[in-house]
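Note sheet for the following structure.
The chain is numbered in sequence order, starting from 1.
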Amino acid sequence: MFPLSQTKTLAILVRATEGSPPFTDELFCRRLSLGSVRYALQVIVIPISVEAAQSYLQRGYTYLQGKWNPVPIPAVDLFMDRCLRPLPRKIRQQLEQRASVNGKVPHRYWSASLPGKWEVHRVLSRNPELRARLAPTTRIELHIPWETWLDHWPKGLFFKPVAGTHGKNTFRLSRGEMPSTWIVEGRSSDNEHVHLTFNHTQAVSSWLESHQAERKMIVQPYLELSHHGRAFDIRALMQKNGQGRWALTGCMVREGPEGSLTSNLHGGGKAYPVHSYLMQRYGTVRTEALLQNIRQTATLIPTLLENRFGRLAELGLDFGVDAEGNLWLIEVNSKPGRTSFAEAGDRRMHALTYTRPLAYARYLLQQHVLTDVIRPMKMPNSSSKAGLKPIPIHGG
């Protein structure tokens, strides 16, 4: 335990919404609030409105005696940004005004954020080991040569928004069973199922172009990442611990409902312990090999991304396994959820998903290494420990 005099304020930035409490990610915020005393942290939740007319920070919320209570926003020592969209400039300016003064530290964020999928793919593909785990990926331009791509990848094309989450607005384009027919199946912006049939190439092109006009997208060959007809992936959670070092917190399987192209829990999927799930399909030898490959791949990713995008605190890594047992890295997320770890039933692993963010926050505040969050610097960060004394912090 830390002395009361060392208590610091950790502000969690989440999206504002209707209801009580008036913000998303309530369970995450509550779990961190309940565990914060152990790390001499006071957690305050600050809802961020996506409406331009509501770009003024009004109040925060603290969890006390089983409920969320509105409070004035105090001076803040460290910000944890859980908003899925970039913070508006006016909001950033107001947050900086509330950052407590400590020398000349201009940025006080727990972690940087990753850009879109395309930029992350480009960085990871420069590593020869990771390149073999990545599906061929192309950023969609104004002209979409989908017919040529389908000739090259006859199982279909899989389209993803560059900045999408929860499987929304993803879809597969494939040839239908009848000649000169094409099928689009996937999920809408509301995560509802979409199934369309086209009988003319021009109709396909027009639909793709209108879809591309609404959001930037990438395309990949469709990979059959399923088990008994259900899409599944493996979520590996990498987190910084109380000594500022990357550690693999654990892995879980997410399986989508029958007929779904994605395994996201927001789309009706379920979570399972990874070892027993893979054993059922691949057997002992192949399962151990897959898990070892996941561990090895997971250790390569954080440093590569930090060297390009700045200091990070945690990463959700999504892996897929095709019908031949090949391992693919599907996606990397710097603001991962924890629902799969709760549903799969491993209490110790689930607890670590919440205690490690607190332990790392305390480490940052003790070590005063907050200035390297926005851009890579030669000063100490997760990968370079020179000049830092490790401070033992429980929960890491």
Side-chain angles (χ1 to χ4, degrees), residues 9-36 41-64 66-71 73 76 78-88 90-92 94-95 98 109-114 116 161 163-170 187-192 215 235 237 239 254 262-269 271 312-316 318 331-343 350 353-358 361:
T9 301
L10 170 65
I12 305 177
L13 312 178
V14 292
R15 181 171 60 85
T17 186
E18 299 293 331
S20 179
F23 53 83
T24 59
D25 230 354
E26 189 274 339
L27 177 59
F28 175 84
C29 296
R30 174 158 38 99
R31 290 292 297 264
L32 263 63
S33 296
L34 291 171
S36 61
L41 296 170
Q42 177 189 15
V43 169
I44 179 170
V45 178
I46 303 179
I48 306 296
S49 175
V50 297
E51 302 293 334
Q54 301 179 22
S55 59
Y56 180 75
L57 298 177
Q58 297 180 348
R59 63 179 64 88
Y61 291 83
T62 58
Y63 194 75
L64 184 65
K67 64 178 182 179
W68 290 102
N69 303 281
V71 295
I73 299 175
V76 175
L78 189 64
F79 292 106
M80 179 185 291
D81 181 7
R82 290 285 297 178
C83 297
L84 298 180
R85 296 182 180 180
L87 297 175
K90 289 184 179 180
I91 293 292
R92 293 199 309 270
Q94 294 174 61
L95 292 173
R98 287 167 168 80
Y109 283 85
W110 178 73
S111 173
S113 298
L114 290 179
T165 60
H166 304 152
K168 297 177 182 179
N169 292 308
T170 61
R187 290 190 173 275
S188 68
S189 57
D190 296 322
N191 231 335
E192 300 292 334
R215 60 190 58 84
R235 161 60 62 87
L237 182 61
Q239 294 180 296
R254 303 179 302 179
T262 61
S263 58
N264 302 78
L265 302 188
H266 288 79
L312 298 163
E314 61 181 9
L315 293 169
D318 296 338
E331 194 167 320
V332 180
N333 188 345
S334 61
K335 299 174 183 177
R338 286 145 173 79
T339 308
S340 58
F341 291 88
E343 292 191 3
H350 185 220
T353 68
Y354 293 100
T355 57
R356 279 185 167 164
L358 292 169

Minimum heavy-atom separation for [X] to [Y], with atom names?
X: Ser334; Y: Ser113; result: OG-CA, 3.8 Å
X: Asp318; Y: Arg235; result: OD1-NE, 2.6 Å
X: Lys335; Y: Asn333; result: N-OD1, 2.8 Å

Are Glu331 and Arg254 within salt-bridge range, i.e. N to O under 4.0 Å? no
Qualifying residues under side chain to side chain donor-acceptor pair (under 3.5 Å), relative to Asn169, sequence neighbours excluded: none
Would you please name every residue forming a side chain to side chain donor-acceptor pair (under 3.5 Å) with Glu26, sequence neighbours left out? Arg30, Trp68
Keeping Ser111 on the side-chain end and Ala313 on the backbone end, is there a donor-acceptor pair under 3.5 Å? yes
Could you check if a side-chain atom of [X] sits within less than 4.5 angstrom of a side-chain atom of [Y], using non-hydrogen atoms only?
X: Ile44; Y: Ile12; value: no
X: Val14; Y: Val45; value: yes
X: His350; Y: Arg31; value: yes
X: Leu95; Y: Leu13; value: yes
X: Trp110; Y: Phe79; value: no
X: Val332; Y: Leu114; value: yes
X: Pro357; Y: Glu314; value: yes
X: Thr62; Y: Ser33; value: no

So side chain to side chain donor-acceptor pair (under 3.5 Å) across residues 11-22, not counting sequence neighbours, yields none
Taking the six-membered ring of Phe28 as reference, does the NZ or CZ atom of Arg82 fall below 6.0 Å from its centre and within a 45° cone about the axis? yes
Lys168 and Ser188: side-chain donor and acceptor closer than 3.5 Å? no
Spacing of CG belonging to Leu32 relative to CG belonging to Leu34, to within rounding of 0.5 Å: 9.5 Å
How far does CG of Asn69 sit from OH of Tyr63, to the nearest 0.5 angstrom? 9.5 Å
